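Just so it is clear: chains get the letters A, B, ... in the order the sequence lines come, proteins before strands, and each one is counted from 1. All figures in this text were calculated on a predicted structure; none of them were measured in a lab.
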Amino acid sequence: MPTLTIDNKTVTVPEGANVLEAAKRLDIVIPHFCYHEALGSVGACRLCAMKFLEGPAKGIQMACMVEAKDGMVVSTQDEGAVDLRKHVIEWLMMNHPHDCPVCDEGGECQLQDMTVAGGHGIRRYGGLKRTYNNQFLGPFVYHEMNRCIQCYRCVRTYQDYCGGTDFGVLGCNQRIYFGRFRDGPLESVFSGNIVDACPTGVFTDKTFRFHSRYWDLEEASSVCPHCSLGCATIPGARYRELQRVRGGVNKETNGFFICDRGRFGYGYANHPDRPRIPRIGDREVSWDDSLEEARGRLADIAHRHGPAAIALLGSPRASLEANYRLLTLAHHLETDRIAFEAHPERDRTARVVAALSDKNSRSLEEIRNSDFLLLVGADPLNEAPMMALAVRQAVRRGAGAALIDPRPVGLPFHAVHLPLAAGRLSEFLQAVCAGTFENFSRQERTILEGIAERLRRAQRPILIGGGDLLGAAGVRDLLRTSEKLSKEDRPCGAALILGGPNSYGAALLSGETSDFNGILDGISEGRIRALVCLESDPFTDHPDLSRSRSALAKLDLLIALDCVPTTTAEKANIFLPVKAPAESAGVYVNNEGRMLAFASVFDPGTPIRVTGGGDHPPRVFEPGTPRNPPMSAWSVLGALQNRRESLNSLRREMEGEHARLAGLASLDPETDGRRVLPGGGRFEIPEIPAIPTEEKAFDLISIQSLFGSETLSAFSPVLDPVRPVPRFLMHSADAAEIGLAAGETLRVTTDRGGFELPVALSEVMARGCLFIAHLKGSPVDLPFPGVRFAARVDRRKES
Amino acid sequence: MNLWRGIKGSIQPFGITFRNIFRKPSTIQYPEQKRTPAPRFRARIILTRDPDGGERCVACYLCSAACPVDCISMQSAERPDGRRYATWFRINFSRCIFCGMCAEACPTLAIQMTPDYEFSKREPLTLVYEKEDLLVDHGGKDNEYNYYRHAGIGVVNPRGGNPDEAPPVDIRTNLP
Ligand code: SF4
Ligand code: SF4
Ligand code: SF4
Ligand code: SF4
Ligand code: FES
C-alpha cells in the first residue's frame, strides 16, 4: 500500500493504483478524458499532466499512466503542468464545432467542464476545422463525429468491455474515425453504453434526442426493473414523462454499464394507453370510490363464500414492499390463497434459490473476479445481459468459461459450448457431483471431463444457471453441486438467473404457500371467486394459456393493480393504477439475494406532451397534477386494509416480521445494497409432472428473447425495431430428416395447441429440440418461457 | 444644539421649491405624451429570425436556465431537416423582471429585449406569452447572424461547408 504526497496532502492507495486515482481520493480532480474507472487508462488524451517532484518518476507526466509508489511527491498546481493542460485542452478544442446549443450532451459534457477547468476560453487558432461525415447507427445511438476528441473511450467500452465487433476506430493521421465500417445499426446489445462513456456529444441517446437538458431532468438512483440482476440505473424525467435512463454505479452488480433493454426499455412509463385512472368496469372513478368498491366487494365475497374464496397473486416485478402488503392483505382477509408468481415453475425455482442459496451465492462483482465459470442452461445475453459482460470481464482476466446448453447461445466471450438436451442438464450436474460421466457419449465425455477438471483446479469457480431451462429441480441440483464442489479453503459459488427483478424477494415472502396452479384449480372448481392481481398478468404469463384463461373467465371479481395496459388490467372488474418503478420508491431483491433500494424519480401524472397535445401546455391554472395520479402499489394495498403509513414505517414492520430482511429500513439507494440473511431452510420441491415423451416427438421449449419477452420493455415502443420475429429454431440435421429448409414454415402440434412459424436452422444446438423465442404481445400466442412440452412437427405444404 | 442649522433647514426647502416653480417641468403627461426609450432599453422580449427567415431559436434551454425567476419554459424538437426548434416556447411576463439575462445567455441571438415597455394587462394569464406572440419576422438588433452557418454540424450549409471548415475527410485513404 504505497503512501504518496499530492499537493502537500498524503494519501495511501491500494497497490497498482495510479496517481490520478490517488488524487481523486484526496478530492483533487484534474481534467482527464481517457481514464475511466471501468476502462483503465491509456494515456491518449494527454490532459492529466502533473508534476512529479520526488520518487521514481520525475518531471511532468501523465498521472493516469504512473503507478502510485511510496514516497512520491506530486504537484497538480505546478505552473508547468497547469500550462501544459491549458495547451492540451486548446488543441483538443481546435477542431471542435461551435454547436453546444444544439448538442444533447451540453450541460453534462465533460469537454465543456474540462475546457473551463483547463482554463481555455478564446479560440486563437485561425485555420480550418477538420470535419467528418456521420453514420447511421440504428435506432438507439446518434452519431455526430465532428465533436470527437480522440479519447478512445467508446472503442474501449464497445470492443474491450462489451465485446462488440462491428464498431471501432478507423483511419489514420488526422483522420481518426470512430464508427462502423459501413452505416448500419450497432449489433451489440450494450451499444447504449458508448453514450455514457463518450465524454463529448459524439454519441447521444437517439430516443432522448432534443428532449431536455440534463439540468432540467429529475433524476434519482434507481434499479433496473427489466431482469433479475437489478443493475443500478439513473432514470431522468421531465414534465411527468420518463425521458431516458442512464447507467448507474453499483460496484456489486452492474459496475458502470447497463444493457440496451435496461436503457431503452423505459417507454412503458409513458405508454399512450397506460391506465392512469381507477376504473370500475369501464367507468373511470375517483380513488375513494374505487377503494370503497374493492373493499366492499371483497367483503361481500368473503361473506357469501367464506374468506378462502379470495385469492391473491403477487409479482416478481412488484417491489418487496408491495408484495409484503399483499401478504398482509391476505392475513387481513383471512385467506391463505396467495402466490407471488403467475408462472408455477418460475415460482418453484425462485423459492428453491431463496431457500437454498446463501453462502455460495455470488454477485456480478464476484463473477468478474472468478477464474472459472460454468454456465448451465443459461443464455445470459437474452436472460440477464449484464451477467454475460461480468463473465466476459473474468475471461479477459484469464478465467476459463464453459457452457452446457441446448440452444445455439451467442456469447461475448470465448467459451467451450456443449449442446446437451434440456432434459439432460440435471443429469450432467449430478454427474459432475459424482465425478463420472459414464452415461455420456465418448465425445461428450472428453469435453465434460475437461470441464470437471478445470472446475476442480479453479480457485474461485462459479456455476451459473438459468432458472427457465433448469427448472426448480435443476436449480436445486446446481446448488447442491456447488456445495459438493466446495472445500473449506476453496468455495465454489453459484449464481442463478431468475424470472424478474424481485423474484427472490417474492419467493422470500412465499414460504410454503401453494403455487398459482393451485389457485387456478380452485377457480375452475368454483371454490375461489375473487382474485387480486398485483402487477401480474396471468392471462399471458402462465405457461398454459388455455388453462389459465378458461379458469380466469369464471371469476366473479378480478381486481388488478398495474402500471401497464396488460390483458389482466383490461379485463379487471376493478382496476387500480399504480406507480411505475421509476415513480415509486421501493426495494427489489435481485438474483443474488441482494436488497437494492430505489428512490422515486418523479411524480406520476399525464405528461405535458399529452395534455398539451404536442402544442404548448394548456393555459389554465391548476394546483397539483391533472386528474387522479396513480399511487404506490403498497399504499393502495395498505388502503384496502385501512392502513395509513409511511414507507419507512412499512419497512420497519417488514424487518420485524421477516428476520432475513435485516437492515431493510436503513437501506439507502445510493449504496450497493445489502444481502438478505441466509435462510438455511430446506425447501421440498413438490412433485413435478414428467414431460410426456413420445416417439418422434420434439422437445418444444419456449425461451426468452432480450427485446421480446419481458413485460415492461414489451410496452416500450422504441424497442419495436429490434423485436425478434417469432420463429422456430431447429437443428439442421433434424430439419434435413424431414426435408425442411431454412425459412420454410413448420407446423407444430402439441397438447397446448398448434403453432405455424417459419424455421431457422443451427448446427450448434442439441438434436431433438425445438425452440421458440418468446415475444410478448405477438399475434401468435406463444407459450411463456420456462416451459417444455412434447411437439409433433409437420412440414407445411406450400400451396 | 445648533439652533442656526435648524432654522436654516426649515427655511431652505421653501426657497428651493420657490425657485423650481419657474423651471420647465421634466415630467411628461404620460400616456398622452410618450418618450422614446434608448434602443437598448430592456422591456418586452421577442424571438427573432435569421437573415434567411428561419427561426433563430434552437431551443437550447440556456435562456430558461439563465432566467433568475424561472419564467421561460419550452420544449425542443427536431425538424425533418435536422434543425432544432422549440415546439412551444412560453414566457410568463407577469413574473419576468426584465433583467436581460436571457438575451445575454442566448447563443443564437434569438431572444432579444425591445424597448416596448407598455404591456400591463388586467388578466395575469394574458401576460403568458406563447411562441406565436414572441416570434417576429426580423432579426432585431442584428440582421446578419445565422447561427447554423457557424455551428459546424451541417444543417444549413453542407457538412464541412462553413467558412471556417475543411471539407469532410476521407477516412479510407492511407495517404498522409
Ligand atoms: S467518439 Fe467520444 S468516446 Fe470515442 S474517441 Fe471520440 S470523444 Fe472519445
Ligand atoms: S442486465 Fe438486466 S437489470 Fe441490467 S440493465 Fe439489462 S435488463 Fe436491466
Ligand atoms: S429578462 Fe430576466 S426575468 Fe425576464 S425572462 Fe429574461 S432572464 Fe427571465
Ligand atoms: S437561449 Fe436563445 S436559442 Fe436558446 S432557447 Fe433561449 S432563445 Fe432559444
Ligand atoms: S486521462 Fe491521463 S492521458 Fe487521458
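Residues Trp88(B) and Ile608(A) share a closest heavy-atom pair of CZ2-CG2, 4.2 Å. The nearest pair of heavy atoms linking Asn133(A) to Pro168(B) is OD1-CG, 3.6 Å. A pairwise comparison of heavy atoms in Thr87(B) and Asp615(A) identifies O-OD1, 4.3 Å as the closest pair. Nearest approach of Arg159(B) to Met145(A), heavy atoms of both residues: NH2-N, 4.4 Å. Nearest approach of Asn173(A) to Leu175(B), heavy atoms of both residues: ND2-O, 4.0 Å.
Contact check for Val169(B) versus Tyr177(A): no side-chain heavy atoms found under the 4.5 Å cut-off. In this structure, Ser64(B) and Arg213(A) have side chains that are not in contact, with every pair of non-hydrogen atoms separated by 4.5 Å or more. You'll find the side chain of Phe181(A) reaches within 4.5 Å of the side chain of Arg172(B), heavy atoms only. Looking only at side-chain heavy atoms (C-beta outward), Tyr147(B) and Asp99(A) come within less than 4.5 Å of each other.
Of the listed residues (Val155(B), Ile153(B), Asn174(B)), the one with the most heavy-atom contacts under 4.5 Å to chain A is Ile153(B). The most heavy-atom pairs under 4.5 Å with chain B, out of Gln174(A), Arg130(A), His211(A), His96(A), come from His211(A). With respect to chain B, the highest number of heavy-atom pairs below 4.5 Å among Gly127(A), Pro617(A), Ser212(A) belongs to Pro617(A). Chain B forms the most heavy-atom pairs under 4.5 Å with one residue out of Gly106(A), Pro101(A), Pro97(A), Cys172(A), and that residue is Pro101(A). Listed options Ala77(B), Pro107(B), Pro163(B) were ranked by heavy-atom pairs under 4.5 angstrom with chain A; first place goes to Ala77(B). No other option in Leu125(B), Leu62(B), Val58(B) has as many heavy-atom pairs under 4.5 Å with chain A as Leu125(B).
The aromatic rings of His98(A) and His150(B) stand perpendicular to each other, their planes meeting at an angle above 60°, with 30° marking the opposite boundary.
Few gaps surround CE on Met93(A); more than 12 heavy atoms of other groups in view lie less than 6.0 Å from it. In this structure, Tyr214(A) places its OH atom where only 12 or fewer heavy-atom neighbours from other residues, nucleotides or ligands lie under 6.0 Å away. Counting heavy-atom neighbours within 6.0 Å of Lys121(B) NZ, excluding the residue itself, gives a total above 12. Applying the 6.0 Å contact sphere to CD1 of Ile122(A) captures no more than 12 heavy atoms from other residues, nucleotides or ligands. With a 6.0 Å radius and a threshold of 12 heavy atoms from other residues, nucleotides or ligands, Glu132(B) has its CD atom above the threshold. Heavy-atom neighbours of Phe18(B) CZ from other residues, nucleotides or ligands within 6.0 Å: at or below the threshold of 12. In this structure, Lys206(A) places its NZ atom where more than 12 heavy-atom neighbours from other residues, nucleotides or ligands lie under 6.0 Å away. Crowding of Gln33(B) atom CD: a count of heavy atoms from other residues, nucleotides or ligands under 6.0 Å exceeding 12.
Interface remark: Arg84(B) contributes backbone and side-chain atoms alike to the contact with chain A (heavy atom separation under 4.5 Å). Residue contact with chain B, scored on non-hydrogen atoms closer than 4.5 Å, is absent for Asn95(A). Using a 4.5 Å cut-off between heavy atoms, Tyr85(B) does not touch chain A at all. Residue Phe89(B) does not touch chain A at all, counting heavy-atom pairs closer than 4.5 Å. Heavy atoms closer than 4.5 Å to chain A are found in the backbone of Asp170(B), but not in its side chain.
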Derivation and outcome, side chain to side chain contact (heavy atoms under 4.5 Å, CB included), residues Asn162(B) and Lys129(A): CA-CA 9 Å; Asn162(B) 284 347; Lys129(A) 290 182 185 179; over 6 Å; no
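Distance alone, capped at 3.5 Å, places no donor-acceptor pair between the Arg619(A) side chain and the Glu130(B) backbone.
For the atom pair OH of Tyr125(A) and CG of Asp164(B), the computed distance is 10.5 Å after rounding to the nearest 0.5 Å. Rounding to the nearest 0.5 Å places OG of Ser76(B) at 7.5 Å from CG of Asp104(A).
The cationic group of Arg83(B) does not satisfy the cation-pi geometry with Phe210(A), failing either the under 6.0 Å distance to the six-membered ring centre or the 45° limit from the ring axis.
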